[in-house]
Amino acid sequence: MFDWTGIDELDADATADALARSRVRVLEAQAEQLLLAAQWADLRAPEFVDECLATLPGEERVVPSGADGCPQIDEFAGAELAALLGRTTQSGEQLLADAVNLRHRHPQLWADIRCGRVPVWLAAKVARRCAAVGLTLEQARWVDTQTTQYLPTLPVNRFLKLVNAKIAEADPEAAAARAEAERLKTFVQSGVTDEHGMRTLVARADAGEVMYVVAVIDRIAVVLAEQGDTDPVDVRRAKGLRILANPERALALLLGASLEHADDEPEPQPDDLAGVHDVEGRRPWDYRLRVDDLTEQPLDEAIDGLDEELGGQLRELTAGAVGGDAAADAGRPGGLSEEDRALLRSVLDALGSSDASRFDPVLTLHVHLSEAALHRAAGLTDAGPRIARVEEIGPVVLESLRRWLGDATAHRIVVKPVLDHVTVVPVDRYEIPRPMRELVEVRDPFEVFPYGTLPSRRCDKDHPQPYDRGPRDGRPPPGQTSMENLGPLSRKHHRLKTHGGWRLHHPEPGVYWWRLPHGHWIRVDDSGTHQHGRDPVMDLRLGIAVIPPSLVG
């Protein structure tokens with residue numbers, strides 16, 4: 001263990017020397033872990049592990065340990081490595097891949113790591129980028145020779161740009177294909193919820209499509225300000241996303257605002273939008289909104305739900321301007337005629353009299369509140385926590401939860417009763433009743449594997465004590481499916497328990513003792529994962545034959 005005594009007595013020169021030594025120790029520790037991971041990969045190669053050859057469904061298989069040029073390996077090797085290092089299974093598998101890729105495909109980087117000259121995390125980035133684009137063994141080694149010499153001398157960003165350039169140079173045709181594939185790659189993804197209950201929405205699409213969506217969102221932000229919303233512009237934009245989630249509400253808001261300005265000069269914009277523009281310098285109000293802009297899918301579906309005659313007449317107006325320069329649009333000087341204005345008002349009346357909530361999405365929130373938090377929320381006391389836990393989101397302050405549930409647009413809220421564990425009794429079958437499944441998911445929010453991260457609602461419900469189906473011509477022993485004999489596991493970790501040599505001891509609900517194939521014990525409970533190390537007493541208590549580690553394959 002590092003000796004902390006005397007640090008506060010160091011002068012500036014001594015502190016500088018100690019910092020330099022600490023950097024060397026970090027590099028050496030990272031290198032040691034990587035070298036051990038490479039050794040672990042060697043020991044889990046097929047020639048050392050006969051059981052890698054699967055004969056039954058679900059058994060472990062032989063899989064590539066890395067990219068082109070790397071040997072095959074036991075599929076379950078990464079899980080035990082991860083548990084020993086206090087990592088998730090995915091992280092352990094990535095460490096194994098980094099080790100074998102660097103050793104077999106990047107010999108110069110590997111040599112520098114062994115000498116403690118380069119940080120492992122940066123070398124791993126190079127190996128991952130070469131593997132991700134599918135470089136062959138020869139191409140990866142060429143990139144290694146062209147770049148490794150610059151790693152100690154260049155800033156990280158400049159070095160990685162050099163690596164990217166050499167990757168493209170190694171296979172120009174593939175680089176062009178990747179560029180085209182990236183151009184076609186579109187997505188909308190939500191990020192991880194932060195400690196304040198906020199989540200980031202990330203979208204990648206054609207530039208024109210993004211400009212159009214941003215223009216509509218900015219237009220909604222302007223309309224909200226005109227209607228008296230005093231929130232900052234970015235907050236109003238976020239509200240615009242929520243409004244766009246309901247086509248009928250968005251249509252009514254935009255048509256109503258456009259109708260009011262149909263014959264006016266371009267309306268003055270709020271001061272907080274004065275500096276807002278996209279990357280091409282256009283401001284939100286430069287995208288003049290027309291009726292045909294507003295009747296494209298999916299907003300078109302909202303109009304289809306209206307009276308057929310009104311919907312048809314509205315589409316006939318697509319040549320006329322609702323906002324912007326009316327004279328330049330369809331030759332209608334002076335804006336909309338009185339007849340068109342009356343028609344649009346009738347459309348707005350139809351929208352206003354309909355139930356827009358039918359377009360609201362249906363969401364299910366699993367909210368966990370303590371009794372003290374409920375009393376505080378009800379105003380019965382000022383003491384107690386102000387936090388609720390929302391599954392798939394995390395901790396949320398009660399004020400945010402109240403705001404979500406009290407949203408003026410959220411008309412349909414269904415509160416489901418809390419399950420009482422006393423009423424859920426063991427059953428004499430393998431299949432799990434829904435109430436019992438729900439209670440297991442509440443008791444164990446995440447899988448009960450060491451350092452597990454998968455939410456239990458997406459897990460298998462495993463019987464820690466394997467289910468005994470009994471003789472073919474008889475009935476299985478009763479009561480095997482119960483709260484006391486269930487725990488959530490991902491499908492992969494379920495297979496590890498069944499076929500990978502892992503042992504699970506489940507002495508009480510919510511407590512899981514895992515014995516790794518090579519003898520270490522790990523405890524998982526409601527407070528997390530706890531390393532226990534080797535325990536011969538527990539081995540003997542459970543009737544496990546103790547085999548010297550040197551004899552374990």
Side-chain angles (χ1 to χ4, degrees), residues 33-67 70-101 103-104 124 131 446-454 456 458-466 487-506 512-524 529 531-534 539 542 544-553:
Q33 194 171 89
L34 191 73
L35 293 174
L36 288 171
Q39 174 67 8
W40 185 260
D42 288 343
L43 295 174
R44 303 305 296 173
E47 56 265 31
F48 294 104
V49 188
D50 294 336
E51 63 267 25
C52 285
L53 304 177
T55 58
L56 296 174
E59 288 188 332
E60 56 188 319
R61 302 161 297 177
V62 171
V63 297
S65 60
C70 296
Q72 291 187 316
I73 194 175
D74 164 18
E75 177 191 8
F76 293 158
E80 188 172 3
L81 174 74
L84 291 168
L85 292 177
R87 296 175 174 228
T88 64
T89 297
Q90 183 179 10
S91 175
E93 292 172 341
Q94 183 63 66
L95 177 60
L96 275 181
D98 290 340
V100 295
N101 279 330
R103 183 175 60 178
H104 294 280
F446 296 92
E447 65 170 320
V448 297
F449 193 80
Y451 307 101
T453 59
L454 187 68
S456 59
R458 302 207 300 266
C459 289
D460 294 344
K461 303 305 179 288
D462 170 62
H463 292 74
Q465 181 64 35
L489 285 177
S490 69
R491 181 61 53 85
K492 183 170 192 173
H493 295 148
H494 198 164
R495 290 175 53 227
L496 269 173
K497 171 180 172 287
T498 305
H499 302 290
W502 291 62
R503 297 286 296 271
L504 174 58
H505 176 48
H506 183 42
Y512 305 85
W513 284 91
W514 290 90
R515 187 182 190 273
L516 280 60
H518 289 75
H520 283 247
W521 284 90
I522 294 179
R523 173 189 167 111
V524 178
T529 301
Q531 296 281 349
H532 189 68
R534 298 187 183 277
D539 289 341
L542 298 180
I544 298 174
V546 180
I547 303 174
S550 60
L551 300 181
V552 179

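Because the structure is a prediction, the values reported are computed rather than measured.
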Notebook entry, point to check: Can you tell me how far CD of Gln39 sits from CG of Leu81, rounded to the nearest 0.5 angstrom?
Noted result: 12.0 Å

Next item on the list: Please round to the nearest 0.5 Å and tell me the distance separating atom NE2 of His505 and atom CZ of Arg523.
Entry: 10.0 Å

Margin query: Between Asp42 and Arg103, does any side-chain N to carboxylate O distance fall below 4.0 Å?
Written below: yes

Note to self: Distance check, rounded to the nearest 0.5 Å: Glu80 atom CD versus Leu85 atom CG?
What the structure shows: 10.5 Å

Item checked: Rounded distance (nearest 0.5 Å) linking atom CG of Leu84 with atom CD1 of Ile522 -> 6.5 Å

Margin query: To check you understand the geometry: which heavy-atom pair defines the closest contact between Pro464 and Gly487, and what is its length?
Written below: CD-N, 4.1 Å

Check: Is a side-chain N or O of Trp514 found less than 3.5 angstrom from the main chain of Val448, in a donor-acceptor match?
Finding: yes

Notebook entry, point to check: So, do Leu489 and Cys459 sit near enough that their side-chain heavy atoms are less than 4.5 Å apart?
Noted result: no

Note to self: Within this structure, what is the CZ-CG distance for the pair Arg515 and Asp539, rounded to the nearest 0.5 Å?
What the structure shows: 4.0 Å

Note to self: According to salt bridge (Lys or Arg N to Asp or Glu O under 4.0 Å), who are the partners of Arg495, at least two apart in sequence or on a separate chain?
What the structure shows: Glu75

Notebook entry, point to check: How would you list, by chain and number, every residue that makes a ring pair (Phe, Tyr, Trp, His ring centres under 6.0 Å) with Tyr512, sequence neighbours excluded?
Noted result: His506

Item checked: Partner set under side chain to side chain contact (heavy atoms under 4.5 Å, CB included) for Lys492, not counting sequence neighbours -> Glu93, Ser490

Checklist line | Test salt bridge (Lys or Arg N to Asp or Glu O under 4.0 Å) applied to Arg503 - qualifying residues, sequence neighbours left out | finding: none

Next item on the list: Please report the shortest heavy-atom distance between Ala67 and Asn101, naming the atom on each side.
Entry: N-OD1, 2.9 Å

Note to self: Within this structure, what is the NE2-NE2 distance for the pair His463 and His494, rounded to the nearest 0.5 Å?
What the structure shows: 9.0 Å

Check: Looking only at heavy atoms, which two atoms of Ala83 and Pro450 are closest? And how far apart?
Finding: CB-CB, 4.5 Å

Checklist line | Side chains of Trp40 and Arg44 in contact at under 4.5 Å (non-hydrogen atoms) | finding: yes

Item checked: Closest non-hydrogen atom pair, Tyr451 against Thr88 -> O-CG2, 3.4 Å

Note to self: With heavy-atom distances below 4.5 Å as the criterion, would you say the side chains of Ile73 and Val100 are in contact?
What the structure shows: no

Margin query: If you compare all heavy atoms of His104 against all heavy atoms of Pro71, which two are closest, and at what distance to 0.1 Å?
Written below: NE2-CD, 3.4 Å

Note to self: Which residues pass the side chain to side chain donor-acceptor pair (under 3.5 Å) test with Gln90, not counting sequence neighbours?
What the structure shows: none

Notebook entry, point to check: ring pair (Phe, Tyr, Trp, His ring centres under 6.0 Å) with Trp502: which residues, sequence neighbours excluded?
Noted result: Phe449

Item checked: Minimum heavy-atom distance between Phe76 and His499, given as atom pair plus value -> CE1-C, 4.2 Å

Margin query: I'd like to check Ser65 versus Leu96 (side-chain heavy atoms, cut-off strictly below 4.5 Å). Are they in contact?
Written below: no

